[in-house]
Each structure stands twice: as structure tokens, then as C-alpha cells.
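Here the structure is laid out as C-alpha cells; the discussion comes afterwards.
Note that the structure is predicted; figures quoted are calculated from it, not measured. Residue indices begin at 1 and follow the sequence shown. Both ligands and their constituent atoms are indexed starting at 1 by order of listing.
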Amino acid sequence: LATSNSISENFLKCLSHYSKSSIPISKYVYTPNNSSYSSILQSSIQNLRFLSSTNPKPQFIITPVHDSHVQASVICSKKHDLQIRVRSGGHDYEGLSYLSDVPFVIIDLVNLRAIDVNVKDNTAWVQAGATIGEVYYQIAGKSITHGFPAGTCPTIGVGGLLSGGGLGTMMRQYGLASDNILDASLVDVNGRILDRKSMGEDLFWAIRGGGGVSFGVIVSWKIRLVPVPPTVTVFTVTKTLQEGATKLIHRWQERADKFHEGLFMRLIIQVVDGENKGETTIQVSFESLFLGGLKELLPLMEKSFPELDLKAKDCTETSWINSILYFAGYRNRESMDVLNNRTLQPKNIYKNKSDFVKKPISEIELEEIWKVFLEGEIRPLLIWEPFGGRMSEIPESETPFPHRAGNLYNIQYVMQWEEEGIKASEKHIERMRKIYKYMAPYVSKSPRTAYLNYRDLDLGINEEGSNTSYSKASVWGRKYFKNNFKRLALVKSKVDPGNFFWNEQSIPPFAL
Ligand code: FDA
């Protein structure tokens, strides 16, 4: 105990020494002896698979309220040989923002979440610990004709979301969240604060899709706001296999990436109870946003997707901010205040995976796929999100996110369950892996690509610290980044050659 107390004291002394803020950092450091340690640790753990008491715990949790607290945290963690895990919203699918097998510190940015919206010049400065819901709320509070193209779940942190990409309902019109970053403030491995100018274009390129934490701690982003019409239209049409879902899904695959850029129609495909007792079927929901009114939408749908037979009564005209609530599952006229609730999203136990599709899957093949989904008790859910539009115009190498022209849509495989314990986990994860394996012939190949923000450690992990191998990491790295992986590794060699910012899927320094 004496030893751990003295480690604690020395670490705290170091933090106070390097923190230049008049606000004492010691008030924001938690050790396991502190009564709020557990509640802070658990506060934003989104995947309950990682909540168990047997998971490794950090020696310190620091919740900085000032940039210089972040600087001191980096400097002192390095001096004391402690690994850093950086957490903004805690939504990492594999828990990388709060778990580690070696002695570690969590820098939790929950207190750094100021948002400064400037509608006159169409920009906002957003601190990394803000959730995307808080950002949407602040924008909508200032203007009904400004928006930001990012994710659909309001509780995601902008630290992780923007540094890994950020797919959402306006991506066909405006690209990803990371395509709309203008500047950033980052604490590097030496504890320096850098902006776009002082970090240089290579590092600025890397943190817009390459995952921030391989390169430093992002403290804030400057984002570009985009124009949205005062009236948008939302609708969801749901069909089962018996109602012709397979044919419609097939048509959707041929068309969805070519629709008008303002039309985003994603599919939620799931196993549901059938009409007869004990029977199951596949149900698809065409969940959609159109950046315009009904008058414009109906003729457009008639031309581009008449088979869906969309009627005015299926649609709701509303504001952009209400479309955010709609996609987040709030469809009963909830106030936009819910967007400020950081624990709004129900928590689950889950394992997800992702794929990109370049060629429509035929109706016959879809029917075979449904048979696999309908096997057994466990019910997977799929989300298919259409690309095309702006997503196809941005070159593959413009940012680290390489999944651009040629990709029709992205598949997210979602496996959620309620039973706790290893046995239940194994059973569900095994089922997920089986489905993923089954889908191989229908999705991108060489490499079979994946989306970084739908993190999946099955794709491969780094060996510890100095043993991290560039060539081994290329196996999973090329899946997330294709040819951009090499440039990411070259940037890493320049800004963090000692590989201090290591994690199971961090970018390794380049080596031949
Ligand atoms: P978290 O804090 O766990 O961080 C994720 C990763 O980023 C970790 O590696 C972490 O260390 C790093 N990081 C976090 N803050 C950092 C910082 N300030 N500086 C440097 N590195 C930092 N995605 C999407 O594109 N569109 C969507 O609609 C959705 N929807 C969605 C719904 C739900 C319920 C979940 C759980 C997830 C999504 N996602 C998503 C995926 C989401 O984009 C992804 O999990 C993000 O990385 C989460 O960012 P957080 O900051 O919340 O996570």
C-alpha cells in the first residue's frame, strides 16, 4: 500500500507541476480509493460486455477541465510509464477507450465539452468531450438552416466520432463528419498543444479518419456547418418477406447510391416474429431523410424507386433537428432537450462488425442469406447505409477513410444480447462470426474492408508496445484504410516514433 501511495503522490506532484492552469488538477484525479472512481469509470461505458468487475481498471482517471490538464496528463503518464486511454463518449465497440492490460490512466474528456457556434461564418469550435447530440442541439438553437453531417446516435463523443470518420444521414450530400473539419487542437506526445498550422498538413490529414488516439489527444475541433432547408421530410416504410422485402432490397441496392444526393434511405434488416406462432421472418425498414419538402420528394421517389410506392401519408415534414430525433428513435414529439442527455442511449451487451458492398447481391443470394439469419434462436440485425453522391466525389486518399467511389453501401452487423456471462458472450459472438464468414462472397475483397468506427478486434491486433509490427498491423490496417495505411504509419513515425500512443489497433510507426 505504501508503494502504491507513493506512486500516487509522485504522479499527483508531477501533474500539479506541469499543469499551468490556476484550477488545481488534483481535484480532477480519481484513484480506486476515491468514492466516485467507479461511477466515473462506468459513466460512459456503452458496451456492457466490458462492465464486468474482472476487467482491468485504470490506476488513475483524470477528467481535465483545462487544456493544460491534458498536457500535464500526457507528460506525467509518459514519465511514470503509464499507458494512456483517451475517452470522449465511451462508445468504442471494443472498449479501447477505457480498458488496457498494462498499468494505465484514463483521460476522460467529459468536462471539456464547450461548443461555440458561429452561424455567420458557418463554423463551430467544439471540444472533444461534447457529444454529437450536444453539438446538434447548439447548432439548432442558433439557426434552423444550419446543420452538421455526422452520426445518428446523440450520445457518441465527437472525440472518437470525428477522428474515425462519422457516417450519417447527410453523408450523400456533404460527406462524413471528418470531411467537414477545418482545424483542430491536439496535445502531442511531448505535451505540446498544436493547431492545424503548427501540426502540419500530414498530421491534420491523419486525425481526420485515422483515429485520433494513435497521434495525440484531440482537445477540440473546428467544424464546417452545412446548409439545411427549413423543411426536411422523414419516412419509414416497413416490409416483411411476405410483403416482397427481397425484391425491394434488391432494387434498393441498384439505386440507393444513385438517388438524388439529398435523399438518404438506409435499411434496418432484422429477424422478427412471423404471423403464425413460433414462426419468424425477415423485416426491412426503409428509414429515410430527404433534405427538402414532400412536394419535391414524391415525384423524385416515383422516378427513382416507384416499387416502394411511397405515399404522402407515410411521410412527415419537419425540421432538420427533429430528423435527428427521428433517427435516434424519438418519434413522439420529444423536446430537443433530450439531445443534451449524455446517458440517453440504452446500454447493451453487443458485438458488431462491418462490410462494404460493391455489387448488388442477387435476389436468389439474398434468399439464401435470409435462411442463415433465420437459423436458431439468436436474432442478428443489419444496418445498410447507402453511399454515392458526395461520398463518391471525394478521392480515396483525401482523408484516411478510403471507402469512396465504387462502394454501393456499408453493412453494419449488430448482435445484441441481454444474458450476462462468458457463455452467453461466446454463443452470440460465435454466431456473429459465422454470419460474417458466410457473407464473404458478397462483399468487398482483397482487402475485405471495414469501418474504423465500427471497431472489430477480430480483424487483428497489435503486439504490445515496442513489439508492434508494421507488416502484421497492415493485415487489419489495410482493411480499415487500404493504401492510406502506409501514409498513416509514416505520420506516426514522425510524430510518435516511440509508439507511446499504443493500443490494440493503433497505427504503428512505419517499418520496411
Ligand atoms: P470513445 O470515447 O470510446 O473513443 C473511441 C476511440 O476514439 C478510442 O480509441 C478513443 O481512445 C479515441 N478517442 C476518443 N476521444 C479522443 C480524443 N479526444 N482524442 C484522441 N482520441 C480519442 N458511428 C458513425 O459513424 N455513425 C453513427 O451513426 C454511429 N452510431 C453509433 C451508435 C452507437 C449506439 C454506438 C455505440 C456507436 C455508434 N457509432 C457510429 C460508432 C462511433 O462512431 C464510434 O464508436 C466512435 O469511435 C465513438 O466515439 P466516442 O468518443 O463516443 O468513443
Side-chain angles (χ1 to χ4, degrees), residues 43-50 64 67 70 73-74 83-100 104-110 112-113 126-134 136 149-171 175-179 184-188 206-221 264 266 287 324 327-329 342-352 354 383 385 401 403 410 412 414 416 451-457 501-507:
S43 59
S44 66
I45 293 185
Q46 187 64 36
N47 190 343
L48 299 183
R49 189 151 61 96
F50 304 116
D67 291 5
V70 179
S73 306
V74 171
Q83 200 182 79
I84 282 182
R85 294 289 150 138
V86 183
R87 184 162 78 175
S88 288
H91 284 45
D92 193 284
Y93 285 177
E94 300 277 13
L96 293 195
S97 55
Y98 50 85
L99 290 176
S100 173
F104 72 112
V105 172
I106 295 178
I107 303 180
D108 189 321
L109 298 175
V110 60
L112 288 177
R113 59 171 197 269
V126 176
Q127 283 189 311
T131 63
I132 196 67
E134 291 170 332
Y136 293 150
T152 51
C153 166
T155 52
I156 314 169
V158 300
L161 179 69
L162 272 64
S163 63
L167 307 174
T169 55
M170 295 204 290
M171 66 179 162
L176 304 170
S178 56
D179 296 328
S185 167
L186 166 137
V187 173
D188 78 353
I207 58 173
R208 286 174 296 146
V213 79
S214 296
F215 307 97
V217 183
I218 289 138
V219 181
S220 51
W221 303 107
F264 171 85
R266 73 173 182 182
E287 210 177 40
I324 296 288
F327 273 85
R342 292 178 74 92
T343 52
L344 183 68
Q345 171 70 27
K347 296 185 175 188
N348 291 300
I349 311 179
Y350 61 85
K351 168 76 191 169
N352 295 0
S354 65
I383 305 174
E385 296 186 308
F401 181 99
H403 319 288
N410 165 246
Q412 182 174 190
V414 180
Q416 290 181 350
Y451 172 36
L452 177 70
N453 268 350
Y454 297 160
R455 189 185 308 282
D456 179 6
L457 293 186
F501 288 112
W502 179 94
N503 68 43
E504 288 73 2
Q505 278 188 347
S506 58
I507 306 293

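- Ligand 1 does not have Gly129 within reach: every non-hydrogen atom of the residue lies 4.0 Å or more from it.
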*Taking it one step at a time, do Arg85 and Glu94 satisfy salt bridge (charged side-chain N to carboxylate O under 4.0 Å, His left out)?*
CA-CA 13 Å; Arg85 294 289 150 138; Glu94 300 277 13; over 6 Å; no
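- For atom 10 (C) of ligand 1, the choice among Val86, Ile107, Val213 with the nearest heavy atom turns out to be Val86.
- Under 4.0 angstrom from ligand 1, the non-hydrogen atoms of Tyr454 all belong to its side chain.
- Taking all heavy atoms of Ile156, Asn47, Thr131, Leu112 into account, the minimum distance to atom 42 (C) of ligand 1 is reached by Ile156.
- When only modelled atom types and interatomic distance are considered, Gln83 and Ser100 share a side-chain donor-acceptor pair under 3.5 Å.
- An N or O contact shorter than 3.5 Å links Ser88 to ligand 1 by distance.
- Under the 4.5 Å side-chain criterion, counting only non-hydrogen atoms from C-beta, Ile349 is not in contact with Phe50.
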_Phe215 vs Phe501, ring-ring contact (aromatic ring centres under 6.0 Å, His included): CA-CA, chis, key distance, verdict_ = CA-CA 6 Å; Phe215 307 97; Phe501 288 112; 8.9 Å; no
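- A heavy-atom separation below 4.0 Å is found between Gly90 and ligand 1.
- For atom 18 (N) of ligand 1, the closest non-hydrogen atom on the protein side is Ile218 O, 2.9 Å.
- Of all protein heavy atoms, the one closest to atom 4 (O) of ligand 1 is Ser97 CB, 3.9 Å.
- For the ligand labelled ligand 1, residue Arg85 lies outside the 4.0 Å heavy-atom shell.
- Residue contact annotation: Gly166 has a non-hydrogen atom under 4.0 Å from ligand 1.
- Here is the list of ligand 1 atoms found below 4.0 Å of a heavy atom in Gly151: 26 (N), 27 (C), 28 (O).
- For the ligand labelled ligand 1, residue Phe215 lies outside the 4.0 Å heavy-atom shell.
- The nearest heavy-atom contact from the protein to atom 52 (O) of ligand 1 is Gly157 N, 2.8 Å.
- Contacts between Ala128 and ligand 1 below 4.0 angstrom, taking non-hydrogen atoms only, involve the side chain exclusively.
- Polar contact with ligand 1: present for Gly160 (N/O pair, distance under 3.5 Å).
- Shortest contact from atom 37 (C) of ligand 1 to any protein heavy atom: Tyr93 CE2, 3.4 Å.
- Contacts between Leu109 and ligand 1 below 4.0 angstrom, taking non-hydrogen atoms only, involve the side chain exclusively.
- Taking a 4.0 Å cut-off on heavy atoms, Arg455 registers as neighbouring ligand 1.
- With a 4.5 Å cut-off on side-chain heavy atoms, Leu112 and Pro64 count as touching.
- Protein heavy atom at the shortest distance from atom 25 (O) of ligand 1 is Tyr451 OH, 2.6 Å.
- Of the protein's non-hydrogen atoms, the one nearest atom 32 (C) of ligand 1 is Cys153 CB, 3.3 Å.
- Of all atoms in ligand 1, numbered sequentially from 1 with element shown, those under 4.0 Å from a heavy atom of Thr152 are 27 (C), 28 (O).
- Every N/O-N/O distance between Thr155 and ligand 1 stays at or above 3.5 Å.
- The protein non-hydrogen atom at the shortest distance from atom 8 (C) of ligand 1 is Asp92 OD2, 3.5 Å.
- Taking each of Asn453, Val187, Ile207, Leu161 in turn, the one with a heavy atom nearest to atom 24 (C) of ligand 1 proves to be Leu161.
- Residue His91 touches ligand 1 through backbone and side chain together, judged by heavy-atom distances below 4.0 Å.
- In this structure, Tyr350 has a heavy atom closer than 4.0 Å to ligand 1.
- In terms of protein heavy-atom proximity, atom 26 (N) of ligand 1 is closest to Leu167 O, 2.9 Å.
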